[in-house]
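Since the structure comes first, as structure tokens, the remarks are kept for the end.
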Amino acid sequence: MPRYDFAPHFTEEEFVCKCGCGTLNVNRKFLERLERGRIRAERPFPIASGCRCEEHNKDEGGVDSSSHLASIEEECYAADIGVRGSRGRGIILPALVGVGFNRFGIAKSFIHVDIDPELPPNMIWVY
Ligand SMILES: [Zn+2]
């Protein structure tokens with residue numbers, strides 16, 4: 001699947017819903033900022049989860065207001081970036097902050113980042 005021309009470190013394949021339904025609708029501003037974060041971090045951002053259709057979001061235990069939710073009408077504003085260990089977290093998180101992200105979920109194996117306009121800014125939660 002093709003790379004995003006405005007975010008060349010990312011492919012559509014990484015962001016399409018993992019259930020096989022083909023749902024793919026990522027907010028462009030989000031992806032452009034993610035690309036800037038990726039360049040700043042100078043390390044790969046493997047996308048563990050991008051778009052989710054309603055059904056797949058339920059399977060993943062995602063909340064109804066999840067910023068991963070996507071459909072033809074609804075854009076996904078989120079990505080879970082796979083990280084391994086403290087060092088990865090310690091490089092990727094500051095790079096994301098540096099390009100203006102301010103909503104994060106920190107898990108053992110990934111960092112969730114989003115710019116959902118319907119959710120409050122300046123949040124960091126843990127799983
Ligand atoms: Zn799906």
Side-chain angles (χ1 to χ4, degrees):
M1 276 199 195
R3 294 187 172 277
Y4 289 97
D5 54 358
F6 53 86
H9 284 94
F10 301 101
T11 65
E12 295 185 346
E13 188 170 27
E14 291 178 293
F15 273 92
V16 72
C17 181
K18 301 269 192 271
C19 90
C21 67
T23 297
L24 179 66
N25 189 6
V26 188
N27 178 264
R28 180 170 174 147
K29 265 197 186 149
F30 171 75
L31 263 181
E32 287 174 343
R33 192 177 295 181
L34 196 66
E35 175 73 14
R36 292 201 298 278
R38 163 66 181 80
I39 290 165
R40 186 179 275 238
E42 297 183 316
R43 61 163 58 205
F45 278 13
I47 303 303
S49 185
C51 294
R52 295 179 192 163
C53 69
E54 229 166 277
E55 204 165 314
H56 183 58
N57 188 54
K58 275 193 196 114
D59 292 345
E60 289 284 295
V63 291
D64 288 346
S65 61
S66 172
S67 34
H68 289 277
L69 272 176
S71 64
I72 292 167
E73 305 84 24
E74 191 175 11
E75 288 178 315
C76 161
Y77 288 93
D80 293 349
I81 302 163
V83 291
R84 258 176 287 152
S86 313
R87 183 85 183 129
R89 235 176 270 126
I91 289 171
I92 291 173
L93 190 61
L96 294 170
V97 170
V99 297
F101 285 111
N102 60 39
R103 287 180 46 82
F104 303 100
I106 308 297
K108 194 162 183 146
S109 61
F110 66 86
I111 295 173
H112 167 102
V113 60
D114 75 69
I115 57 164
D116 196 320
E118 291 175 9
L119 296 172
N122 303 320
M123 302 283 282
I124 302 179
W125 61 90
V126 293
Y127 295 95

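This chain uses plain numbering: 1 for the first residue, then up along the sequence. Being a predicted model, the structure only gives us computed values, none of them experimental. Order of listing sets the numbers, starting from 1, for every ligand and every atom in it.
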Same apolar cluster (I L V M F W Y, side chains within < 4.5 Å links), Leu119/Leu96: no
Any pair counted as side chain to side chain donor-acceptor pair (under 3.5 Å), so long as it reaches residues 106-119, sequence neighbours left out: Ser67-Asp114, His68-His112, Asp80-His112, Arg103-Asp114, His112-Asp114
Could you give all pairs that pass the side chain to side chain donor-acceptor pair (under 3.5 Å) test and reach residues 15-32, with sequence neighbours left out? Asn27-Glu75, Arg28-Glu32
Who pairs with Phe110 by ring-ring contact (aromatic ring centres under 6.0 Å, His included), at least two apart in sequence or on another chain? Tyr127
Look only at the side chain of Arg38 and the backbone of Arg43, and say whether a donor-acceptor pair between them is shorter than 3.5 Å. yes
Glu13 and Thr11: side-chain donor and acceptor closer than 3.5 Å? no
Under 2.8 Å from the Zn ion (ligand 1), which protein atoms of type N, O or S occur, listed by chain and number? Cys17 SG, Cys19 SG, Cys21 SG, Cys53 SG
